[in-house]
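What follows is one structure encoded as structure tokens, with my remarks underneath.
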Amino acid sequence: MNRVILIKYGELTTKKGNRKLFVDTLYSNILKKLKNLNVNIFKDMSRMYIEYDSLDEVEILKRIGEIFGIHSYMIAYKTESNLDSIKKTISEVLESTFDLTKKYTFKVETKRSDKNFINNSMECNNIFGSHILKNYENLSVNVHSYDILVHVEIRKEYSYIYLNEYKGLGGYPVGVLGHGLLMLSGGIDSPVAGYLALKRGIKLDLVYFEAIPHTSLEARNKVIELAKKLAVYGFNMKLIIVPFTKLQEEIYKNVPGNYSITIMRRMMYRIMEKLTKRFKGLAIINGESVGQVASQTLTSMNVINSVTNLPIIRPVACFDKLEIIDISKKINTYDISILPYEDCCTVFVPKHPIINPNLEHCLEMEKSFDYEALISEIMQNLNIIEITDSKEDEYSDIL
Ligand code: ATP
Ligand code: MG
């Protein structure tokens, strides 16, 4: 039997105008994800088909499950588009999958994209159902409650028979919605925010504000490990490490303690704006969640946000912490995020950060030191690490 992996697209179908871009992007993402495996991938506007080496089947299925833009995928058996070939393949699939000396109920579901096919879907269901009943005395039809669902897809060139579907990740293929910069700290929220932005089709580069020696190299390594987990879904990304120490020290020297976090975050956004322009992004993404800490009240957000006109996307803005934790466990970032290394925000955190800061006060305080010079210096001393999907590393010597 000729096995292929059949891929059904996700939300692409709702975006008729952009369909070609979506399909092409998904195609190139699948190629990237499977690039060191022996596969042939064929695409049309509603399906993709992957021919593969059966030894790689488990690995391919796992990787397909990590790609956004896929509604579902399945191992399908390819055959000629005529009734006899389809019947023969149905028999082979049933016989190789089930112990047909036992009793089962079944249902046949036919989809016919080739509207010129001689029989309609209902007729096909009857024809294939009768074929099964005639050949296997232990199988009986029950369309409401069945043990076996036989899917038949009749397409112009070939037809496909399959039993089980795997649920894909959904969302849009990474890259179709352009490019943004994610503020990635070592916490729980920002990797989840990154995952959700990738799911909306945004290609990411990552920014980490570092304050050595107040923060450790372990803290940086933790962020690198988180970045690698995101690369499973986001492919290659730059991790831009911002040397934040001097600016942060100046803030704590010149700004009253209760305003230090507010001013620090205004500085972060100023730097993010410059980085977004330099790296040709269209938006800033971060893990802020309304009400979680003093800098995330609506008043604080207004005062902090006012330094930039770029869109700031906060995918977890309205999530409960527990909802965020659930996702972080699913994407394997949680165990890394809870490692105890200090972040540049936590090192300097004041006892009583203001929850209703005043913009005029901020502007006044920012006059007390030359932050623009410090930001220019920072922009000349960025450290950039290329992050890749770790599978590429694992296999790099084979390539
Ligand atoms: P997280 O769990 O992601 O660290 P948090 O609850 O600790 O979030 P904050 O520390 O207030 O929240 O930061 C809010 C957001 O600002 C973070 O989710 C992240 O996007 C960004 N951020 C904070 N610190 C840094 C940093 N050192 N480098 C890059 N981004 C940061
Ligand atoms: Mg944090």
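Indexing begins at 1, ligand by ligand and atom by atom, following the structure's order.
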> Checking ring-ring contact (aromatic ring centres under 6.0 Å, His included) for the pair Tyr233/Tyr195: CA distance, chi angles, key distance, verdict?
Replying inline: CA-CA 7 Å; Tyr233 307 96; Tyr195 172 81; 5.0 Å; yes

Out of all atoms in ligand 1, which are within 4.0 Å of some heavy atom of [X]? Include the element for each.
| X | result |
| --- | --- |
| Gly187 | 1 (P), 2 (O), 3 (O), 4 (O) |
| Val207 | 29 (C) |
| Ile188 | 1 (P), 2 (O) |
| Asn286 | 20 (O) |

Quiz question: by atom type and distance under 3.5 Å, do the side chains of [X] and [Y] form a donor-acceptor pair?
| X | Y | answer |
| --- | --- | --- |
| Thr110 | Asn125 | yes |
| Arg155 | Tyr49 | yes |
| Ser185 | Ser190 | yes |

> Looking only at heavy atoms of Gln296, does any of them come nearer than 4.0 Å to an atom of ligand 1?
Replying inline: yes

If I apply the N/O under 3.5 Å rule, does [X] come out as touching ligand 1?
| X | result |
| --- | --- |
| Gly287 | yes |
| Ile285 | no |
| Phe209 | yes |

> Between Phe22 and Tyr172, is the gap from one ring center to the other below 6.0 Å?
Replying inline: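 Yes, they do, as the ring centres are separated by less than 6.0 Å.
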
>> Can you confirm whether or not the ring centre of Tyr73 sits under 6.0 Å from the ring centre of Tyr166?
In response: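 Yes; Tyr166 has its ring centre under 6.0 Å from that of Tyr73.
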
> Between the candidates Asp189, Leu182, Leu184, Ile241, which shows the shortest non-hydrogen contact distance to atom 5 (P) of ligand 1?
Replying inline: Asp189

> Which is closest to atom 16 (O) of ligand 1 in terms of heavy atoms, Arg314, Arg265, Lys321, Glu288?
Replying inline: Arg265

> So does Lys228 pair up with Asp389, basic N to acidic O under 4.0 Å?
Replying inline: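 No, no charged N to carboxylate O under 4.0 Å.
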
